[in-house]
**Q** 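Input: one structure, supplied below.
Residue numbers start from 1 in every chain, and the chains themselves are labelled A, B, ... in the order their sequence lines are given, proteins ahead of strands.
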Amino acid sequence: MNAADQDISREQRIWQVVASIPPGKVASYGQVAQLAGLGRGARLVGRTLHNLPRGTRLPWHRVINAAGRISLPAESQGHDLQKQRLEEEGVLFNVSGKINLSRFGWKP
DNA sequence: GATATGACCGCAA
DNA sequence: TTTGCGGCCATAT
């Protein structure tokens, strides 16, 4: 048993939670962390998603920060891709680039 | 081992 | 609204 095994368990839980997010809905990092049993390990969720391979099947674009905003830099490609995918699923952005969590927030 | 940083969160002022 | 503080976990120095 090494550190990698622990990491895999946590990553697996995070992946499971992220994969459970229905289309057209979004969840915050804290939400995912809580459901994955990580408590307040929101940072771990962010790190894990950042480490995802390019060809992943995971709907990582449905994970945003608590402010209803995309954490990635606006000039980053991931930001653009995330926004586009969300709009494809019907998630609308505010004029400020924010998402109405009361409407699109995932409620398990 | 200690310190700093990071796709962060929640609360208080 | 913004700012500051503590908390979580992994990685780098």
Side-chain angles (χ1 to χ4, degrees):
Chain A
M1 199 72 128
N2 50 30
D5 293 329
Q6 298 280 330
D7 198 41
I8 289 173
S9 302
R10 293 186 164 107
E11 284 190 12
Q12 287 284 352
R13 275 202 283 277
I14 292 172
W15 297 341
Q16 179 72 35
V17 172
V18 173
S20 306
I21 304 174
K25 301 278 183 176
V26 294
S28 67
Y29 292 92
Q31 180 108 44
V32 174
Q34 180 77 43
L35 294 173
L38 300 174
R40 285 168 186 131
R43 304 196 76 140
L44 182 62
V45 176
R47 193 193 72 82
T48 301
L49 294 182
H50 189 251
N51 263 335
L52 283 174
R54 296 191 264 156
T56 183
R57 234 47 87 171
L58 217 61
W60 58 269
H61 53 273
R62 292 177 196 148
V63 182
I64 57 180
N65 61 19
R69 250 187 172 299
I70 298 175
S71 300
L72 299 160
E75 58 252 22
S76 182
Q77 203 175 65
H79 173 277
D80 215 32
L81 178 66
Q82 181 166 20
K83 183 167 180 280
Q84 189 165 347
R85 278 188 166 180
L86 288 175
E87 286 178 340
E88 283 276 322
E89 295 184 352
V91 178
L92 303 180
F93 285 77
N94 187 334
V95 287
S96 314
K98 289 201 251 183
I99 296 175
N100 188 339
L101 291 178
S102 3
R103 240 188 97 151
F104 300 112
W106 179 39
K107 297 172 186 177

**Q** Quick test of your reading: applying side-chain hydrogen bond (donor to acceptor under 3.5 Å, both in side chains), list the pairs with at least one residue in residues 91-108 of chain A, sequence neighbours left out, ordered by first then second residue.
**A**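 Counting only pairs at least two positions apart or across chains, the side-chain hydrogen bond (donor to acceptor under 3.5 Å, both in side chains) contacts touching residues 91-108 of chain A are A:Asn100-A:Ser102.
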**Q** Tell me the closest heavy-atom pair linking A:Val32 and A:Ala27, and the distance in Å.
**A**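 Of all heavy-atom pairs spanning A:Val32 and A:Ala27, the closest is CG2-CB, 4.2 Å.
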**Q** Which value, rounded to the nearest 0.5 Å, describes the distance between A:Ile70 atom CD1 and A:His61 atom NE2?
**A**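 One gets 10.5 Å once the value is rounded to the nearest 0.5 Å.
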**Q** Between A:Leu81 (CG) and B:dA7 (P), how many Å, whole number?
**A**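 From A:Leu81 CG to B:dA7 P: 18 Å.
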**Q** Give the rounded distance in Å between these two atoms: CD1 of A:Ile64 and P of B:dA7.
**A**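 Those two atoms, CD1 and P, are 17 Å apart.
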**Q** What one-letter contact string describes nucleotides 3-8 of chain C from 5' to 3', where B marks a base within less than 4.0 Å of any protein heavy atom, S marks contact via sugar-phosphate atoms alone, and - marks no contact?
**A** ----BB
**Q** Determine the Euclidean distance between corresponding P atoms of B:dA7 and C:dG6; express it in Å to zero decimal places.
**A**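 Their P atoms lie roughly 22 Å apart.
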**Q** Determine, stepwise, if the pair A:His79 / A:Arg69 fulfils side chain to side chain contact (heavy atoms under 4.5 Å, CB included).
**A** CA-CA 10 Å; A:His79 173 277; A:Arg69 250 187 172 299; 5.6 Å; no
**Q** Please walk me through it: do A:Phe104 and A:Glu89 pass side chain to side chain contact (heavy atoms under 4.5 Å, CB included)?
**A** CA-CA 11 Å; A:Phe104 300 112; A:Glu89 295 184 352; over 6 Å; no
**Q** Between A:Arg62 and A:Ile21 (side chain of the first, backbone of the second, donor and acceptor by atom type, cut-off under 3.5 Å), is there such a pair?
**A**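 Side chain of A:Arg62 to backbone of A:Ile21, a donor-acceptor pair under 3.5 Å: yes, one is there.
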**Q** Expressed as a whole number of angstroms, how long is the span from A:Gln31:CD to B:dA7:P?
**A**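 It is 22 Å, rounded to the nearest whole Å.
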**Q** Minimum heavy-atom separation for A:Trp60 and A:Gly78, please, with both atom names.
**A**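 Closest approach of A:Trp60 to A:Gly78: CH2-O, 3.8 Å.
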**Q** Please give me every residue in residues 97-108 of chain A whose heavy atoms get under 4.0 Å of an atom in DNA chain B, ordered by residue number.
**A**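 Here the set is empty: none.
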**Q** Please collect all side-chain hydrogen bond (donor to acceptor under 3.5 Å, both in side chains) contacts where either partner lies in residues 32-45 of chain A, sequence neighbours excluded, each pair once.
**A**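 For residues 32-45 of chain A: none.
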**Q** Could you check whether any side-chain N or O of A:Glu87 sits under 3.5 Å from a backbone N or O of A:Phe93, counting only pairs where one atom can act as donor and the other as acceptor?
**A**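 Judged by distance alone, no pair lies under 3.5 Å.
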**Q** Expressed in angstrom and rounded to an integer, what is the separation of A:Arg13 atom CZ from C:dA10 atom P?
**A**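 So the CZ-P distance, A:Arg13 to C:dA10, works out to 11 Å.
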**Q** Just do the side chain to side chain contact (heavy atoms under 4.5 Å, CB included) check on A:Arg10 and A:Leu38 with the steps written out, would you?
**A** CA-CA 8 Å; A:Arg10 293 186 164 107; A:Leu38 300 174; 4.0 Å; yes
**Q** Distances for protein N/O vs nucleotides 11-13 of chain B N/O pairs under 3.5 angstrom?
**A**
none

**Q** Just how far, in rounded Å, is P of B:dG10 from OH of A:Tyr29?
**A**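 Distance check: A:Tyr29 OH to B:dG10 P gives 13 Å.
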**Q** Atom CG in A:Leu86, atom CD1 in A:Ile99: separation rounded to 0.5 Å?
**A**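 Atom-to-atom, A:Leu86:CG and A:Ile99:CD1 are 5.0 Å apart.
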**Q** Mind calculating the distance between CG (A:Asn65) and C1' (B:dA7) to the nearest angstrom?
**A**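 Checked: the CG to C1' distance equals 8 Å.
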**Q** How close do A:Gly105 and A:Lys25 get, heavy atom to heavy atom, and via which atoms?
**A**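 Distance-wise, the nearest heavy atoms are O-CD, 4.0 Å.
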**Q** Scan A:Gly46 against the nucleic acid and name what it touches under 4.0 Å (heavy atoms): base, sugar-phosphate only, or nothing.
**A**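 Contact class for A:Gly46: base.
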**Q** To the nearest Å, give me how far apart CG (A:Asn51) and P (B:dC8) are.
**A**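 Interatomic distance, CG of A:Asn51 to P of B:dC8: 14 Å.
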**Q** Can you list, by residue number, the residues of residues 69-79 of chain A that have a non-hydrogen atom closer than 4.0 angstrom to DNA chain B?
**A**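 Residues of residues 69-79 of chain A under 4.0 Å from DNA chain B: A:Ser71, A:Leu72.
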**Q** Hey, does A:Pro108 have a side-chain heavy atom less than 4.5 Å from the side chain of A:Gln31?
**A**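 A side-chain contact exists here, since the closest heavy-atom pair is under 4.5 Å.
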**Q** Can you name the nearest heavy-atom pair linking A:Arg47 to A:Asn51, along with the distance?
**A**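 That would be NH1-ND2, 2.8 Å.
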